[in-house]
Amino acid sequence: MPEAAAATDTRILTAAEAILEATDQALAADPTVFVMGEGAADPKGIFGTTAGLVDRWGPDRVMEMPLSENAFTGVAIGAALMGRRPIVIHQRVEFCLLALEQLFGTAAKAHYVSNGRHKVPLTVRLVVGRGWGQGPQHGQSLENLFAAVPGLKVALPADPVDAKGMLLAAVADDNPVVIIEHRWVHYVSGPVPAGPVATDLTGPKTLRRGDDVTVVAASYMAAEALRAAAARANAGVSVDLIDLRLARPLNLEPILESVQRTGRLLTVDLGHKTLGLGAEIVAGVTERAFGALRAAPVRLGTPDHPVPSSRSLAEAFYARADHIATAAGTLAGLPAERVAAVAEALIAERREVPFDVPHPAFKGPF
Amino acid sequence: MPEAAAATDTRILTAAEAILEATDQALAADPTVFVMGEGAADPKGIFGTTAGLVDRWGPDRVMEMPLSENAFTGVAIGAALMGRRPIVIHQRVEFCLLALEQLFGTAAKAHYVSNGRHKVPLTVRLVVGRGWGQGPQHGQSLENLFAAVPGLKVALPADPVDAKGMLLAAVADDNPVVIIEHRWVHYVSGPVPAGPVATDLTGPKTLRRGDDVTVVAASYMAAEALRAAAARANAGVSVDLIDLRLARPLNLEPILESVQRTGRLLTVDLGHKTLGLGAEIVAGVTERAFGALRAAPVRLGTPDHPVPSSRSLAEAFYARADHIATAAGTLAGLPAERVAAVAEALIAERREVPFDVPHPAFKGPF
Amino acid sequence: MTAANPDLDPRLRPLYVAMLRLRLIEEAIAERYAGQDMRCPVHLSVGQEAAAVGACAPLRPDDRILSTHRCHGHYLAKGGDLTAMLGEIHGRASGCCGGRGGSMHLFDDDAGVMASVPIVGSSIPLAVGAALAFKQAGDDRVAVAFLGDGSLEEGVAHESLNLAAVQGLPVIFFVENNLYSVYTPLAQRQPDRPLTAIGAAHGLPTAQVDGNAVLAVADAMETAVDRARRGKGPTMIVADTYRWREHCGPNYDNDLGYRTEAEFLSWRDRCPVETTAQTLHAAGQLDDDAILRLTIREEIDAAFTAALAAPLPDPATAGAHVHA
Amino acid sequence: MTAANPDLDPRLRPLYVAMLRLRLIEEAIAERYAGQDMRCPVHLSVGQEAAAVGACAPLRPDDRILSTHRCHGHYLAKGGDLTAMLGEIHGRASGCCGGRGGSMHLFDDDAGVMASVPIVGSSIPLAVGAALAFKQAGDDRVAVAFLGDGSLEEGVAHESLNLAAVQGLPVIFFVENNLYSVYTPLAQRQPDRPLTAIGAAHGLPTAQVDGNAVLAVADAMETAVDRARRGKGPTMIVADTYRWREHCGPNYDNDLGYRTEAEFLSWRDRCPVETTAQTLHAAGQLDDDAILRLTIREEIDAAFTAALAAPLPDPATAGAHVHA
Ligand SMILES: Cc1ncc(C[n+]2csc(CCOP(=O)(O)OP(=O)(O)O)c2C)c(N)n1
Ligand SMILES: Cc1ncc(C[n+]2csc(CCOP(=O)(O)OP(=O)(O)O)c2C)c(N)n1
Ligand SMILES: [Mg+2]
Ligand SMILES: [Mg+2]
């Protein structure tokens, strides 16, 4: 949590409430800010994150959109080029696949191609679906696609403070910023400063200090990793847990610094492992801190197939705390029984909750 | 070159001619094959790669398309689901950004989501622009985006044999196959078997055996790497040069085998280095052959900014033979002067040709 | 049974039975959804039965339809297997997708339900592609894209209409205008003009029908199908209808305030199932309604029982079928 | 100079001068392209001058236009800086994009040329976005999207028209129908109906004009601009015109056979520059044509000299301005 926030009253909010508050404050602070999306002004307000805003700010600032993802993303870019600060929302990451040409072709390149004269102060919120059988077309995170594009910033908030603070920072930023918001992070609660406090868009934050294994995770995976790190610590392996926060630009420095200490790196991707953020982190760390590595880095992430709907198939799809704990323990060289014991405890603890709803223990800030 | 090809007459063709021949042969061999694209049936025929085919096969099999990339990609998928074998062509990779939802959402997932019952025998040819000031929106390769999607196959032919053979293999394949075709590969000439000989879609091929450094490159970068390897060899460093060919599914085995011998890995991306194919290769090799690595792997690729138009800016944008030779020499531990000497020779050799047109020395097969 | 009123269209009774079956199936899903065993989103089409059933009436099993997130009705009307549908919604290995897709991905190759696609608009070009395949193969099959009013806002709908028109393909764009996209009324999303103007802009013959009048729908569709089979190209049909229950899920949602109770009631008064039942009753052709319902309920119960009895897919198979 | 024919529209002479200038500039580019120093693709709009000049006539400098791959004419007609344009086409640091974009990315903030986008159709929503910004700011500026007949096939065009209509935005969709997309004629890409039907389908007022008649274009545009400034929303204008030279590059390409020489000649006979010159001549208002041309040529020569004299961008700056 940044300094300024400490000076402010904090309340316990869910990330969804924090996003709503941030949006309200952004609209209040700057008349050029506006919101657009399918459902932005409807009674449910994008999982509650825009609920009621149209009543307060009117339909010209909280704009309901037709089913035209490509056009309204382009409209937002055009307005941003003229100095407005749109917040575009797609209720699922997948819907934004229809708008990638605008985002990758125009928004990401406008500043560059205009030789620095044009700015696109655009925020795009993309919601990752998970649970209750979302299935192949409503459950992808695709952060690696967005993170592959120079000119974008890509944020992955993991807790309510960042859900609010990174949204405010994105709105204040003069670049197109894509925020990948996990539905299960929406439910996470924690203390959030009351004021319009932006957190930075600069890079990782350390959630937990440790000396044995560096674990890098983002968004909801940071929550799973935190449970794993706590369990691992009881079993004698101390995890240096890093919440990636920003997938582009990727600031490797804190990770390199950590690996210099631990010599061991585990990455946990929200999306597919293959060509995921973990690939870039492992490659970058290996290139730049090869001598420090004491063991082969390990990546976790979703397997190379679409997100299945049925709970029996989806259960094995996502990396969980027990998988992370097992990978971290193995990487640290623990004997197999001690590795297994922690994983079993984590599984047992999880057993009461169905796998297709979030674990109730997740509370921020991390 | 596969066995079967050896039995066939070969002629010297450019890759563009080889693609035209493959398409003609595919149309001849199977009445369910058809071609669709903007310009597929126009007088220039997609850089000559479909020239004249409409006269031979008629407008129902060589279909001219309206400017509707998303729809006609979807139409091809629909036809493929009904057992046809469309070849869809986009004259620039960028135009396909408009069709990613169809390709990633429907084509890539149809077999999986139908529990193996549906097939999408679709071929998508995407042409990478380079040279003559193409600029930010006509010069991207984006193979990393496509390679990130389970269910697709992604081919990057580097020479005329593969330009023909991988296209025929793609048309015969029951999966959606994206072929990323570099404009400068179109100009490469080499022996091509006359018959309809498909090469495989299974993975890398070794272009040159060596024991000091493993270099992995694809598409046009294989050509640059080949010049570099030849020059390096003269200076006492033997390069094991691997043409990646297939970015998805990624077959790491031949690369791992090579690194076991060389202990040194250099990857050369056609597109951006960050989150490029090299990231996955380096991460995968490091995970699985950590003990064999004698030095930190190195990646080359385009820098983290859009493709600039002006020749003075574009010149430094692309990895060239001299960059590759320098990186390989340094990785092999050569003294700086010897590294520099080879690079200088390569630059001198290149000097007569402007940087925004292909080097005339590139001849296949590699 | 002999018709008491010989003037009544003989298609009406089987169409009624099909609509009733569809209604009872979706009501059963709604009722049992609270049991928490259907663990995927469901988009019910209660109230829209006449559109689905009327549209599929003139189709042959070897014709193909493409559907959307709201696919139950289309799937069933085209003859999709009920047990495979319920298996899918229950996430069972017996589901049409083996549990991989959930309720928004229904298909049945034998019945001609080619695919359902949960991305709005994305199924439309697939139908055009199927039509292209039929034309290329030289047979007289037709493809139908079912779409909602909202999907006409997607660019791909326009690209597809244009392409179908230029190529003269045997495809029918069947629009169910239920006035809403989720909670957003048409007037907030589109200008005030008939939806058929979109078809006209792409050079298509168009028809607008009462989407709650099953025979009117079937007639419009028959004209279009006939045109397509004769190689005369595509048609766009707009059927005005209404979704009764919430956009996604088993409940009613008028309490949200996005539409008025009065509007809802006026449409419910024009219930496609009920109004057809009345016509048949008046003609003396529905004395066995109670028996019909019983038979259908038995079929439904059996299908639920089968779905619940089927195993969940083996987790070890999750990675299969990525590539053909 | 006094008008020999006082009935002649006083707008005609300045519009002529603007068209002539545009023509001479593009002819100069064509002529010098073989010199191999303009190392980027160029899409000339020779023959389409009346559309660009007429459309920009009623615009103020603070209005915004968005253009496409074929942007030279729009850029110049709106008042874009010639030296910066030629600098860009020559890949020079002095170019409007500092050499980063090439000829398809022209913009000039001072003149109100907001951006040119080489992906067909992609500039259209940007214009709608500019119009939204104007409406939000409460001022009376307007935005204009220049588009080709081909771009109406792109889904984003339809999405943008619909959005502009629903939101009532001050934007004008100005379509230059030059009958071709690259070498593909309209009839191979769209059904046979007026392009204005597309505007109508999205609830827009539309106008069709002779795109080679500069006053007709200016008049249609004035009506649309006036409507937009008064908060009455968007308009679609279709201007029929013709590209003389090849799709991309400096030459003629009728030899390719995708269009007939007769068609080309019939359009060349209706040259917008020449026919306007004749009208002015006849009215005695163009006795100074030779001087006009000389002055323009001097301006062009100076701009080329400046472009050629400017340095190429420093390679060390290639990585600058990725992020603001
Ligand atoms: C491309 C895309 N955007 C948004 C959504 C979310 N969504 C699902 S259904 C729906 C409403 C569709 O309305 P309509 O086409 O009228 O169909 P209806 O639900 O009324 O049957 C929306 C917006 C989606 N699935 N796909
Ligand atoms: C999305 C996309 N598809 C294809 C192209 C290639 N392309 C460039 S210009 C052009 C023709 C456009 O036709 P039209 O809109 O009528 O404009 P004109 O060239 O006639 O001025 C095409 C197909 C492109 N730039 N962008
Ligand atoms: Mg609807
Ligand atoms: Mg045109």
Side-chain angles (χ1 to χ4, degrees), chain A residues 37-46 51 54-55 59 63-72 74 90-92 94-99 101-102 129 131-140 272 274 302-318 354-357, chain C residues 36-42 69 87-93 95 97-105 117-122 148-157 180-186 188-190 247 253 255-258 311-323:
Chain A
E38 295 160 28
D42 82 13
K44 293 217 174 156
I46 319 276
V54 68
D55 301 325
M63 296 177 70
E64 186 61 32
M65 284 290 113
L67 275 113
S68 305
E69 290 78 7
N70 197 16
F72 74 75
H90 297 290
Q91 297 216 25
R92 285 291 186 292
E94 283 90 345
F95 308 161
C96 190
L97 286 176
L98 291 161
E101 198 293 306
Q102 286 294 333
W132 204 258
Q134 296 290 315
Q137 303 247 47
H138 281 63
Q140 298 168 87
H272 293 302
T274 303
T302 64
D304 261 356
H305 62 77
V307 189
S309 173
S310 174
R311 57 195 177 280
S312 78
L313 300 174
E315 179 173 332
F317 187 73
Y318 296 103
F355 275 105
D356 55 358
V357 300
Chain C
Q36 307 258 312
D37 201 349
M38 291 180 263
R39 296 176 88 84
C40 69
V42 287
H69 58 288
E88 191 57 35
I89 300 178
H90 284 83
R92 297 305 203 271
C97 308
R100 287 155 175 242
S103 90
M104 299 191 283
H105 286 271
V117 182
I119 302 298
V120 174
S122 291
D149 49 300
S151 73
L152 289 175
E153 295 146 26
E154 292 286 359
V156 75
Y180 292 89
S181 162
V182 192
Y183 313 115
T184 308
L186 198 51
Q188 260 185 63
R189 301 179 282 113
Q190 297 182 30
H247 165 71
D253 67 356
D255 56 300
L256 286 175
Y258 71 102
L312 290 167
D314 177 356
T317 65
H321 304 310
V322 173
H323 285 300

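A quick note: this is a predicted structure, and the numbers were derived from the prediction, not measured. So that the names make sense, note that chain A is the first sequence line, chain B the second, and so on, each numbered from 1.
Separation of atoms CG (C:Leu312) and CD (A:Glu315) is listed at 10.0 Å; rounding is to 0.5 Å. With values rounded to the nearest 0.5 angstrom, A:Ser68 atom OG is found 8.5 Å from C:Gln190 atom CD. Rounding to the nearest 0.5 angstrom, the gap separating the CD atom in A:Gln134 from the CZ atom in C:Arg39 is 12.5 Å. Atom SG of C:Cys40 sits about 11.5 Å away from atom NE2 of A:His138, to the nearest 0.5 Å. Atom NE2 of C:His90 is separated from atom OG of A:Ser310 by 11.5 Å, given to the nearest 0.5 angstrom. Separating the OH atom in C:Tyr258 from the NZ atom in A:Lys44 is a distance of 9.0 Å, to the nearest 0.5 Å.
Looking only at side-chain heavy atoms (C-beta outward), C:Val182 and A:Asp42 come within less than 4.5 Å of each other. Counting heavy atoms from C-beta on, the side chains of A:Glu38 and C:Tyr183 never come closer than 4.5 Å.
There is no contact between A:Asn70 and chain C, counting heavy-atom distances below 4.5 Å. For C:Asp314, the part sitting under 4.5 Å from any heavy atom of chain A is the backbone (N, CA, C, O) and nothing else. Contact of A:Leu98 with chain C is made through the side chain alone, with heavy-atom distances under 4.5 Å. At a 4.5 Å heavy-atom cutoff, the contact between C:Asp37 and chain A is made by backbone and side-chain atoms alike. Contacts between C:Val117 and chain A at a heavy-atom distance below 4.5 Å involve the side chain alone, from C-beta outward. The parts of C:Gln36 that come within reach of chain A are both its backbone and its side chain, each placing non-hydrogen atoms under 4.5 angstrom from that chain.
Contact detail for C:Pro313 and A:Ser312: the closest heavy-atom pair is O-OG, 2.6 Å. Of all the heavy atoms in A:Leu67 and C:Glu153, the pair that sits closest is N-OE1, 2.8 Å. The two residues A:Trp132 and C:Met38 come nearest to each other via the heavy atoms CZ2-O, 3.5 Å.
Heavy-atom pairs under 4.5 Å with chain A were tallied for C:Ala93, C:Ser181, C:Gly101, C:Gly102; the largest tally goes to C:Gly101. When the candidates A:Pro43, A:Pro308, A:Gly135 are compared by the number of heavy-atom contacts under 4.5 Å with chain C, A:Pro43 comes out ahead. Among the candidates A:Ala71, A:Ser309, A:Ala314, the residue making the largest number of heavy-atom pairs closer than 4.5 Å to chain C is A:Ser309.
Of the candidates C:Arg100, C:His105, C:Met104, A:Pro136 forms a side chain to side chain contact (heavy atoms under 4.5 Å, CB included) with just one, namely C:His105.
Looking at residues two or more places apart in sequence or on another chain, you find a side chain to side chain donor-acceptor pair (under 3.5 Å) between A:His305 and B:Tyr112.
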